[in-house]
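Reading through the structure tokens given below for one structure.
Just so you know, ligand 1 is whichever comes first in the structure, and atom 1 is the first atom listed for that ligand. Worth saying up front: this structure is predicted, and the values here are computed from it rather than measured.
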Amino acid sequence: MSFLHIQNLHKSYGPTRIFTDINIEIGQGQFITLLGPSGCGKSTLLRCIAGLTAVDGGQILLGGEDLVPMPPQKRGIGMVFQSYALFPNMTVQQNVAFGLRMQKVPAAEASKRVAEALELVELSDYAGRYPQQLSGGQCQRVALARSLVTRPRLLLLDEPLSALDARIRKHLREQIRAIQRELGLTTIFVTHDQEEALVLSDRIVLMNGGQIVQSGDAETLYTAP
Ligand code: ADP
Ligand code: ADP
């Protein structure tokens, strides 16, 4: 049985139909890439799953439970965006701890979990720094730690590497994949970069014009007659 099961999902912005009848199934611990051209609706789909925008119809079952009526903070979802959106006046430690403070996790437990998350992204030595003292790649690792620290059931990555230069991009994508495997975290990685999709994923879901046009492993998709 699939862990995430999206059924007949519909979304319009006013009169503009973004997608109709999206269906996706993902097994627990799978890493899938949602690949498609700019503007095809990938971000909107992630925002619907995270509850950052309302859907017009359909179901998003996570572990058998429908997320659609649930407020975003109850969904158990971690999300990383292309722009890291860190708080500039907070240290790395405070940025990562922020979500736990909102969840009222006790201080001792919170600092333990922040330390663990920073270790995962190899930034333990940077806890006291401020975002403007970090490189783009390091900022994105802080953003990743900030989403992991809440122990999400599902991780959504919206073009997390697009703002970084090529060398860092390669390194960080390997690091993301290693962390995902270590935690066994079910993950959707959005990209418009075919190479990224091919290298990274258990399965690729191809989206175009608001529809899922194909889905399968890299070999199946690119050797099909
Ligand atoms: P992608 O992530 O694949 O680049 P998006 O989901 O960002 O695509 O956008 C899909 C379409 O929806 C685009 O045409 C975009 O302009 C439109 N769109 C995105 N957000 C909104 C919004 N809040 N209101 C109206 N249209 C939007
Ligand atoms: P929703 O109504 O589903 O909650 P919003 O209207 O809050 O979504 O849109 C999210 C963001 O996208 C807003 O900042 C909005 O200004 C922006 N946006 C609006 N129209 C577009 C568009 N055509 N393409 C991309 N982004 C858009």
Which atom pair, heavy atoms only, marks the closest approach of F19 to G41? CE2-O, 3.9 Å
Which atoms form the tightest heavy-atom contact between H192 and G36, and what is the distance? CB-O, 3.3 Å
Is there a heavy atom in [X] that sits closer than 4.0 Å to ligand 1?
| X | value |
| --- | --- |
| T16 | no |
| G14 | no |
| C40 | yes |

Check: G41 N/O within less than 3.5 Å of ligand 1 N/O: yes
Please could you name the atoms of ligand 1 that [X] approaches to less than 4.0 Å, counting only its heavy atoms?
| X | result |
| --- | --- |
| P37 | 3 (O) |
| Y13 | 18 (N), 19 (C), 20 (N), 21 (C), 22 (C), 23 (N), 24 (N), 25 (C), 26 (N), 27 (C) |
| K42 | 1 (P), 2 (O), 3 (O), 4 (O), 6 (O), 8 (O) |

Those residues at least two apart in sequence (or on a different chain) that pass salt bridge (Lys or Arg N to Asp or Glu O under 4.0 Å) with R113 are E109
For K11, which of T20, D56, T44, T53 qualifies under side chain to side chain donor-acceptor pair (under 3.5 Å)? T53
Heavy-atom nearest option to atom 10 (C) of ligand 1, drawn from G210, C48, G39: G39
Sidechain N-carboxylate O distance under 4.0 Å for E65, K74: no
Taking NZ, NE, NH1 and NH2 as the nitrogens, is one of them in R203 or E25 under 4.0 Å from a carboxylate oxygen of the other? no
Side chain, backbone, both or neither: which part of T44 has a heavy atom under 4.0 Å from ligand 1? both
Shared-cluster residues of F98, by chain and number - hydrophobic side chains joined below 4.5 Å: F87, M90, M102
